[in-house]
Q: 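First the structure, which I've put down as structure tokens, then a few questions once you've had a look.
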Number of protein chains: 2
Amino acid sequence: MLLSKSCVYALRASLYLASKNENGYIPIREMSEKLDISFHFLTKILQQLTSEGMLESYKGPNGGVRLTRSGEEISLMEVVLAIDGDYMLTECAFGLPGCGVMKPCPIHEKWAETRDNIKYMLESTSLTELSKKGKEFNLRMTADGGFNDI
Amino acid sequence: MLLSKSCVYALRASLYLASKNENGYIPIREMSEKLDISFHFLTKILQQLTSEGMLESYKGPNGGVRLTRSGEEISLMEVVLAIDGDYMLTECAFGLPGCGVMKPCPIHEKWAETRDNIKYMLESTSLTELSKKGKEFNLRMTADGGFNDI
DNA sequence: ATGATTTAAGAGTATCTTATCCTAATATAC
DNA sequence: GTATATTAGGATAAGATACTCTTAAATCAT
């Protein structure tokens, strides 16, 4: 998998939050139902985003989670780094430790270019950008539901 | 992980075979030692490449495995497809089934471009190309050994 | 034929990922 | 204060991936 399942869920949930431009907290239960993700599992994933500072949470009635910054300022890369770490930016296709320009493996050069391409895409795409596009074209957020269903 | 560990081992082993331009069979034991990969595990992975037709094997003394075609004709994509399957070419970043131009998710377009880039790199790189480059610059094939050690 | 060498195949183990469940802690509402 | 809503966190189980071990089958050399 290019992204772990946790990461995929984190991306969907982050986009969900960005698409609600209300300022209030959004319950994880609501998200888990709308996005069709196991509530307990999603809770754990969002806890991680909270501890990384991308989200803040509030307990009790009317509690939930929300983005700490505008969705405009949050890139997909930030979510991926928080959940999957930086393996995408550093991993060697031959599995060699410390692979880089100083001690390259035979595919290092081409592989690094490919990784840079992935990196650029993730860094240059914000949650808000996807949210706008999603709303405009009613794009899918679940197996059977469009953006405007959430 | 972008590639499974099995796939990483398969790539290293395939390159090893391509770099030996002898026509004979190469014992898996020799490869496992030179490449520092568990013999039994490597055996299983190469069995898969054999059943996919990329390698042919021969039992008994002077037995081993060898490429069925010239390394010139074998791309990295062929190895990746044989071991990891085509998830790289089809996987949706949101995990939605059947994601594509007809029913796209919000990142489908950008994600597809990124995947195409990976695909192109894997398809356009042959084992022989890497072998030549590896020999020329004595690039790494193991954690501590160069190409000319194998 | 016999024994050594080598791949094939399957069972078994360990570790990581994914997912579920239960209890605690915190906040609100009445 | 009591009940309710909600996140936090731990314990556990199921599944996938990574690896190990053992036995069988094929081939060669003598």
Side-chain angles (χ1 to χ4, degrees), chain A residues 1-13 16-17 24-68 80 82-85 87-88 91 94-95, chain B residues 1-13 16-17 24-68 80 82-85 87-88 91 94-95:
Chain A
M1 300 290 160
L2 293 177
L3 301 171
S4 72
K5 251 182 150 183
S6 297
C7 189
V8 163
Y9 292 158
L11 285 169
R12 302 233 311 272
Y16 184 94
L17 290 172
Y25 292 96
I26 308 221
I28 301 176
R29 177 71 65 181
E30 172 189 325
M31 277 193 275
S32 78
E33 282 166 2
K34 289 284 183 60
L35 296 176
D36 201 28
I37 300 172
S38 146
F39 167 69
H40 291 289
F41 194 37
L42 184 57
T43 294
K44 288 222 183 313
I45 295 164
L46 298 187
Q47 267 170 35
Q48 207 169 334
L49 293 180
T50 301
S51 77
E52 298 278 343
M54 204 189 99
L55 302 184
E56 53 193 345
S57 67
Y58 204 77
K59 293 177 183 172
N62 308 317
V65 296
R66 69 180 177 198
L67 300 173
T68 50
V80 172
I83 302 296
D84 277 352
Y87 76 88
M88 239 185 214
E91 190 184 65
F94 272 23
Chain B
M1 303 288 159
L2 293 176
L3 301 170
S4 72
K5 255 185 148 179
S6 297
C7 190
V8 163
Y9 292 157
L11 286 170
R12 302 234 310 272
Y16 185 94
L17 290 172
Y25 292 96
I26 308 221
I28 300 176
R29 176 72 65 183
E30 171 189 327
M31 276 194 273
S32 78
E33 283 166 3
K34 290 283 182 63
L35 296 175
D36 201 28
I37 299 172
S38 146
F39 167 69
H40 290 289
F41 194 37
L42 184 57
T43 294
K44 288 228 179 313
I45 295 164
L46 297 186
Q47 268 169 34
Q48 207 169 334
L49 292 181
T50 301
S51 77
E52 299 278 343
M54 205 188 97
L55 302 184
E56 53 193 345
S57 67
Y58 203 78
K59 293 177 184 173
N62 308 317
V65 296
R66 69 180 177 198
L67 299 172
T68 50
V80 172
I83 302 296
D84 277 352
Y87 77 88
M88 239 186 216
E91 188 185 64
F94 271 24

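Computed from a predicted structure; not experimentally measured. Chain naming here is simple, since letters A, B, ... match the order of the sequence lines and numbering starts at 1 in each. Hydrogens, waters and symmetry mates are skipped; everything else that's a heavy atom, side chains included, is used.
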Q: Taking only the side-chain heavy atoms of A:K5 (C-beta and beyond), determine which of D:dA8, C:dT18, C:dA8 contains the nearest atom.
A: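 Nearest to the side-chain atoms of A:K5, counting from C-beta on, is C:dT18.
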Q: Could you tell me how far apart A:K59 (NZ) and D:dT6 (P) are, to the nearest whole angstrom?
A: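 Between P of D:dT6 and NZ of A:K59: 14 Å.
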Q: Is there a side-chain contact between B:E52 and B:I83 in this structure, where contact means two heavy atoms from C-beta onward sitting under 4.5 Å apart?
A: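 SC-SC contact between B:E52 and B:I83 ruled out.
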Q: Toward the 5' end of DNA chain D, which comes first, B:L3 or A:G60, by nearest nucleotide?
A: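 Looking at the nearest nucleotide for each, A:G60 comes out on the 5' side.
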Q: Within the pair A:S6 and C:dT18, is there a side-chain N or O less than 4.0 Å away from OP1 or OP2?
A: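 Looking at the OP1 and OP2 atoms of C:dT18, one of them is under 4.0 Å from a side-chain N or O of A:S6.
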Q: By the salt bridge (charged side-chain N to carboxylate O under 4.0 Å, His left out) test, which pairs, at least two apart or in different chains, include something from residues 37-48 of chain B?
A: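 Sorted result for residues 37-48 of chain B: empty, none.
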Q: With Watson-Crick and G-U wobble geometry limited to distances under 3.5 Å, how should the secondary structure of DNA chain D be encoded in dot-bracket form, using | for bases paired to another strand and [ ] for crossing pairs?
A: ||||||||||||||||||||||||||||||
Q: Would you name the heavy atoms of A:V8 and B:G95 that are closest together and state the gap between them?
A: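 A:V8 and B:G95 have their closest heavy atoms at CG1-N, 3.6 Å.
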Q: Heavy-atom contacts under 4.0 Å between residues 27-36 of chain A and DNA chain D, which residues?
A: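 Heavy-atom contacts with DNA chain D come from A:P27, A:I28.
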Q: Report which part of the nucleic acid A:Y58 touches: base, sugar-phosphate, or nothing (heavy-atom distance under 4.0 Å, all strands).
A: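 Sugar-phosphate, backbone atoms only, no base.
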Q: Can you measure from CD1 (B:I45) to CG (B:L55) and round to the nearest 0.5 angstrom?
A: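 Answer rounded to 0.5 Å: 11.5 Å.
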Q: D:dA8, C:dA19, D:dT27: which one has an atom nearest the side-chain heavy atoms of A:Y9?
A: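 Taking heavy atoms from C-beta onward, the closest nucleotide is C:dA19.
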Q: Please tabulate, one pair per line, all N/O donor-acceptor pairs under 3.5 Å involving side-chain atoms of residues 59-68 of chain A, not counting sequence neighbours.
A:
from, atom 1, to, atom 2, distance (Å)
A:R66, NE, A:E56, OE2, 3.0
A:R66, NH1, A:N23, O, 3.0
A:R66, NH2, A:Y25, OH, 3.4
A:R66, NH2, A:E56, OE2, 3.4
A:T68, OG1, A:G53, O, 2.9
A:T68, OG1, A:M54, O, 3.1

Q: For residues 37-48 of chain A, which residues have at least one heavy atom under 4.0 Å from DNA chain D?
A: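 Contacting residues: A:F39, A:K44, A:Q47.
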Q: Give every donor-acceptor pair under 3.5 Å between a side-chain atom in residues 27-36 of chain A and any protein atom, sequence neighbours left out.
A:
from, atom 1, to, atom 2, distance (Å)
A:E30, OE2, A:Y16, OH, 2.6
A:S32, OG, A:R29, O, 2.9

Q: Check this for me: A:M1, atom CE, are more than 12 non-hydrogen atoms of other residues, nucleotides or ligands nearer than 6.0 Å?
A: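 Counting other residues, nucleotides and ligands, CE of A:M1 stays at 12 neighbours or fewer.
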Q: I need the OH-C1' distance between B:Y87 and D:dT17, as an integer number of Å.
A: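 So the OH-C1' distance, B:Y87 to D:dT17, works out to 13 Å.
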Q: Rounded to the nearest 0.5 Å, what separation is found between the OG atom of A:S57 and the CG atom of A:L49?
A: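 If we round to the nearest 0.5 Å, A:S57:OG and A:L49:CG are 11.5 Å apart.
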Q: Side chain of B:S4, heavy atoms from C-beta onward: which of C:dT7, D:dA8, D:dA18 has the nearest atom to it?
A: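 That would be D:dA18.
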Q: Measure the CE-CG distance between B:M88 and B:L2 for me, rounded to the nearest 0.5 Å.
A: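 It comes to 5.5 Å.
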Q: Could you give the CG-to-C1' distance, from B:N62 to D:dA26, as a whole number of Å?
A: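 Checked: the CG to C1' distance equals 14 Å.
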Q: For C:dA8, does either OP1 or OP2 sit under 4.0 Å from a side-chain N or O belonging to B:S57?
A: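 Answer is yes, contact under 4.0 Å.
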Q: What's the CD-P distance between A:E56 and C:dA27, to the nearest Å?
A: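 Whole-Å distance recorded here is 14 Å.
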Q: So how far is it from A:I26 CD1 to A:L46 CG, rounded to the nearest 0.5 Å?
A: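 Spacing of CD1 (A:I26) from CG (A:L46) equals 11.5 Å.
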Q: Would you compute the distance between atom CZ of B:F94 and atom CG of A:L3 and round it to the nearest 0.5 angstrom?
A: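 Between atom CZ of B:F94 and atom CG of A:L3 there are 10.0 Å.
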